[in-house]
> 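Got a structure for you, questions after.
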Amino acid sequence: MAKLLLVEARFYDEFADALLEGAQQALEAQGHTHDTITVPGALEIPAAIALADQSGKYDAYVALGTVIRGETYHFEIVAGESARAIMALTLDGLAIGNGILTVENEEQARVRARRDEKDKGGEAAKAALALMSLRDLYS
Ligand SMILES: Nc1c(NC[C@H](O)[C@H](O)[C@H](O)CO)[nH]c(=O)[nH]c1=O
Ligand SMILES: CC(=O)[C@@H](O)COP(=O)(O)O
């Protein structure tokens with residue numbers, strides 16, 4: 001049994017709830033436990049993971065959030081930099097599943113967040129478990 005940390009950005013509560021449910025269900029179905037922490041937005045997720053990893057408490061991490069394009073370049077920063085930083089942490093040996101939606105509108109987010117549709121939260125949780133297993137296999 002592994003212990004994971006779900007790091008959620010609750011910028012949009014509706015989608016945050018759906019992503020969290022999907023991730024929680026995926027972990028519980030495989031007998032794993034988890035804690036959940038909340039940050040203001042997707043840009044804060046990588047730092048929260050890095051800080052939490054210093055505790056040594058968690059085997060893997062799941063990043064959950066929704067980034068919806070607005071009128072400015074900020075979408076590229078939030079979407080791109082959160083993904084880049086998560087990838088950097090992953091290449092540094094942390095097992096992280098990236099469930100941060102980067103979408104054009106709320107309808108695209110709704111479909112991808114829901115468990116009974118694309119379930120990106122569950123997908124990210126399973127990705128974290130897969131990386132954790134690979135790390136255990138090769139370490
Ligand atoms: N526009 C979205 C944001 N923006 C906020 C940033 O993530 C960050 O919290 C702020 O820049 C302070 O550092 N965050 C999301 O998660 N989703 C968005 O659509
Ligand atoms: C992804 C964002 O930061 C975006 O939602 C912000 O909207 P805007 O670009 O219109 O300020």
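Just follow the structure's listing: the first ligand is 1, and inside any ligand the first atom is 1.
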> Provide, to 0.1 Å, the distance between atom 17 (N) of ligand 1 and the closest protein heavy atom, together with that atom's residue and name.
T66 O, 2.7 Å
> Nearest protein heavy-atom contact for atom 7 (O) of ligand 2: which residue, which atom, what distance?
G70 CA, 3.7 Å
> Starting from atom 19 (O) of ligand 1, locate the nearest protein heavy atom and write down its residue, its atom name and how far away it is, to 0.1 Å.
I68 N, 3.2 Å
> Provide the number and element of each atom of ligand 2 under 4.0 Å from a heavy atom of V67.
1 (C)
> With heavy atoms only and a cut-off of under 4.0 Å, state how T72 meets ligand 2: side chain, backbone, both or neither.
both
> If you measure every N or O of L43 against every N or O of ligand 1, does any of those distances drop under 3.5 Å?
yes
> Record the part of F75 in heavy-atom contact with ligand 1 below 4.0 Å; permitted values are side chain, backbone, both and neither.
neither
> Heavy atom of H74 under 4.0 Å from ligand 1?
yes
> Any idea which atoms of ligand 1 are less than 4.0 Å away from a heavy-atom of G41?
7 (O), 9 (O), 14 (N), 16 (O)
> Which ligand 1 atoms are under 4.0 Å away from a heavy-atom of V67?
17 (N), 18 (C), 19 (O)
> I96 versus M87: any side-chain heavy-atom pair under 4.5 Å?
no
> Report yes if some heavy atom in the side chain of H32 is under 4.5 Å from a heavy atom in the side chain of D59; otherwise report no.
no
> In the protein, what heavy atom is nearest to atom 16 (O) of ligand 1, and what distance, to one decimal place, separates them?
A42 N, 2.9 Å
> Of all the non-hydrogen atoms in the protein, which one sits nearest to atom 3 (C) of ligand 1, and at what distance?
F11 CE1, 3.4 Å
> When rounded to the nearest 0.5 angstrom, what is the spacing between CZ in R110 and CD in E117?
10.0 Å
> Is it true that a side-chain atom of R135 and a backbone atom of L94 form a donor plus acceptor pair closer than 3.5 Å?
no
> Would you call E21-R114 a salt bridge at under 4.0 Å N-O?
no
> Got a salt bridge between E81 and R84, using NZ or NE/NH1/NH2 to carboxylate O under 4.0 Å?
yes
> Are any side-chain N or O atoms of Q25 and backbone N or O atoms of G22, one a donor and one an acceptor, separated by less than 3.5 Å?
no
> Do the side chains of I86 and I100 get nearer than 4.5 Å, heavy atoms only?
yes
> Suppose we measure from atom 3 (O) of ligand 2 to each protein heavy atom; which comes out shortest, and what is that distance?
H74 ND1, 2.7 Å
> Using a 4.5 Å cut-off between side-chain heavy atoms of Ile, Leu, Val, Met, Phe, Trp and Tyr, which other residues end up in the same hydrophobic cluster as L27?
L4, L6, F11, Y12, F15, L19, L20, V62, L64, I68, L101, V103, L129, M132
> For atom 13 (O) of ligand 1, find the nearest protein heavy atom and state the residue, atom name and distance (0.1 Å precision).
E44 OE2, 2.6 Å
> Return the closest protein heavy atom for atom 10 (O) of ligand 2 as residue, atom name and distance.
E71 N, 2.7 Å
> Do D53 and Y61 touch side chain to side chain, with heavy atoms closer than 4.5 Å?
yes
> Check this for me - ligand 2, I68, N or O atoms closer than 3.5 angstrom, yes or no?
yes
